[in-house]
Structure formats: structure tokens, C-alpha cells
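On a predicted model such as this, the values are computed, not experimentally measured, just so you know. Position 1 is the first residue of the sequence; numbering continues from there.
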Amino acid sequence: MVSFAGRLLGEAEAYKANMTTNQGGRDYSTGADCVRHEKACSVWFVPQDYTNEQWDRMFLAEKDPTDGALLAKYPKKEIRQENDLRNYLEQYDNKGFTLILRGPSKNGADVYGSDCCTVLSKKEAEPIIKKDALITYLEGAAIFPGNDIPQNINIQNYGVGNFYFKFTGVDPGLHRWNVNKERTYQQYATEILFMNNCGDVLWQPFYAK
């Protein structure tokens, strides 16, 4: 999770540095938005053992789930570097927690509950990853370099491919309809990152399903 927090910090940095793109090309407004909106473009640790489903139910019960005051009432600490998360985990005895990535908008957030993430073995990952779902660049954050995997190498020879990191979150700013036609703020997309044998997640490339 510490390494995953580093990836979230990379996304926040991309917003601050105007290194994101939209349909018109480079988006130069995000950096100004990061300055304009309090706590925007930042990553937060919340010592709240809520699952994604529990956060979803809480957001569904609110008239305006994007209201920044909703998340503000939970004690939290900003993560400015990966070591911050290590320290917070030690402080709270490695109990369940939530990570929140605040985007450049006033109330935008990606909420990752205590069950957001799973480490998969190669055997567990193979049935759910498809080669045509491999994303070799991140349109929304150009600070993540494009990175193709050469066809003629075995990535396991480079200490990669034995383990994978699967994650999904809750977005209180965008509701959807689940398979039962019920309203939900849980994200449909699941992303699967490569991990090296030391347990670090790799930012690029990744699988999206």
C-alpha cells in the first residue's frame, strides 16, 4: 500500500504541474485549480476502517456526496511522501484505513476503502487480464511515461510478473447503476498494476478491465 500511495502522489503531482491532457490536448488549468481549491491535488490517510461498500452507502445517504465537509469530518493526515504512510500505519498499529486522492476540482475525490486493493499471484491474475487491455500510457497524466513491453522478453527475468496489484475505489462525484439497476458510486473499472518481486507497484503499463 505504501508503494500504491506513491502512485497516487504521482497523479496529484501531474495535476499540480499541468501535466494532464484532455480532448483538446494539454490541460493547463489543473495547476491553477490545485492552488485555488483547498486540499486539492493531494493524498490523504484516513484511519477509518470502511470498505468501499460502506463508503458507497454513506455517500448514497447524503444529499450532496461531493460536499467537501463530508470527508472533512473524518480525522485524516496528508501524505506528502511514501514515508508518511509508513509512519501513519505504525501510529495506528496497521489497522484498517482509507486513502483519498483529491483531484483539482473543489470536491473531487477518489476514495479507496480498506478493501480497495488485492495482491494477486500470477496464477490468480492470468484468468482476468487480457493482453488487449494493457494500457501503455495514461492519457490523464502525462507525467506517467508511456512504456511498452517488448514482445521478445520474459518479464519474469526482470523480477516482474509474479505478482499483480488490483484496485478499485469509490467516486462520490459520479454515480452509476450496478447490475441490479441500483445507484452506486463505486467505480466499475478495475485496474491491475504489475508488481516487482520486492512488492513495489509499477506505474506503467497496467491492465484495465
Side-chain angles (χ1 to χ4, degrees), residues 1-15 17 19-27 30 41 43 51-53 55-56 59 98-105 108-151 153-156 158-180 182-197 199-209:
M1 289 300 293
V2 171
S3 182
F4 177 59
R7 188 179 193 269
L8 299 182
L9 287 169
E11 292 189 48
E13 184 60 33
Y15 290 127
M19 291 294 290
T20 60
T21 59
N22 56 28
Q23 291 181 340
R26 181 69 64 81
D27 185 353
T30 57
C41 309
V43 180
T51 64
N52 281 353
E53 184 177 352
W55 282 110
D56 186 38
F59 292 137
T98 295
L99 292 178
I100 298 175
L101 169 64
R102 301 297 297 265
S105 63
D110 290 324
V111 179
Y112 299 100
S114 58
D115 65 341
C116 69
C117 310
T118 306
V119 174
L120 304 175
S121 67
K122 179 182 178 183
K123 183 178 180 180
E124 292 171 320
E126 283 181 336
I128 60 177
I129 58 178
K130 307 294 182 183
K131 288 186 177 181
D132 60 359
L134 183 65
I135 308 299
T136 58
Y137 67 97
L138 187 61
E139 181 181 0
I143 201 170
F144 288 13
N147 195 355
D148 294 292
I149 299 176
Q151 296 293 324
I153 71 166
N154 180 350
I155 61 174
Q156 290 179 288
Y158 293 82
V160 177
N162 291 311
F163 301 98
Y164 296 81
F165 186 89
K166 181 178 74 170
F167 72 96
T168 188
V170 183
D171 179 357
L174 179 63
H175 77 263
R176 305 161 178 83
W177 304 97
N178 63 20
V179 293
N180 297 320
E182 298 170 333
R183 185 169 174 157
T184 180
Y185 290 101
Q186 295 198 60
Q187 298 171 350
Y188 283 158
T190 296
E191 295 182 17
I192 301 176
L193 307 175
F194 288 92
M195 296 182 71
N196 62 25
N197 291 340
D200 302 314
V201 300
L202 308 184
W203 291 9
Q204 290 287 98
F206 64 94
Y207 291 97
K209 63 181 289 291

Minimum heavy-atom distance Phe165-Cys117, with the two atoms named: CZ-CB, 3.4 Å

Gln186 versus Asp171, side-chain donor and acceptor atoms under 3.5 Å: no

Side chains of Met195 and Val160 in contact at under 4.5 Å (non-hydrogen atoms): no

From Ile129 atom CD1 to Lys166 atom NZ, the distance as rounded to the nearest 0.5 Å: 12.0 Å

Ile100 backbone acceptor or donor facing Arg102 side chain under 3.5 Å: no

Close side-chain approach of Gln187 and Arg176, heavy atoms under 4.5 Å: yes

Glu11 side-chain N/O to Leu8 backbone N/O, donor-acceptor pair under 3.5 Å: no

Tyr112 and Phe4 aromatic ring geometry - parallel, tilted or perpendicular at 30°/60° bounds: perpendicular

pair Gln156-Lys122: side-chain heavy atoms closer than 4.5 Å: yes

Main-chain N/O of Tyr15 paired to Thr30 side chain as donor or acceptor, under 3.5 Å: yes

Within 6.0 Å of CZ in Phe167, more than 12 heavy atoms from elsewhere: yes

Shortest non-hydrogen contact from Gly199 toward Ser3: O-CB, 4.4 Å

Close side-chain approach of Arg7 to Glu191, heavy-atom, < 4.5 Å: yes

Nearest-0.5 Å distance that lies between atom CZ in Phe206 and atom CG in Leu134: 9.0 Å

Under 3.5 Å donor-acceptor, Asn52 side chain and Thr168 backbone: yes

Inter-residue atom distance Leu120.CG - Asn162.CG, 0.5 Å rounding: 13.0 Å

Side-chain touch Pro172/Val111, heavy atoms, less than 4.5 angstrom: yes

Non-hydrogen atoms of Leu101 and Ala12 that approach each other most closely: CD1-CB, 4.1 Å

Heavy-atom pair with the smallest gap, counting every atom of Val201 and Leu193: CB-CD1, 3.9 Å

Pair Met1-Leu99, side chain to side chain contact (heavy atoms under 4.5 Å, CB included): steps then yes or no: CA-CA 9 Å; Met1 289 300 293; Leu99 292 178; 3.7 Å; yes

Rounded distance (nearest 0.5 Å) linking atom CD of Glu182 with atom CG of Asp56: 10.0 Å

Reported CD1-to-CD1 distance for the pair Ile192 and Ile128, which is rounded to 0.5 angstrom: 4.0 Å

Parallel, tilted or perpendicular: ring planes of Phe59 versus Tyr185, cut at 30 and 60 degrees: perpendicular

Inter-residue atom distance Ser114.OG - Trp55.CH2, 0.5 Å rounding: 10.0 Å

Aromatic ring pairing Tyr207/Phe194, orientation class (parallel under 30°, perpendicular over 60°, tilted between): tilted

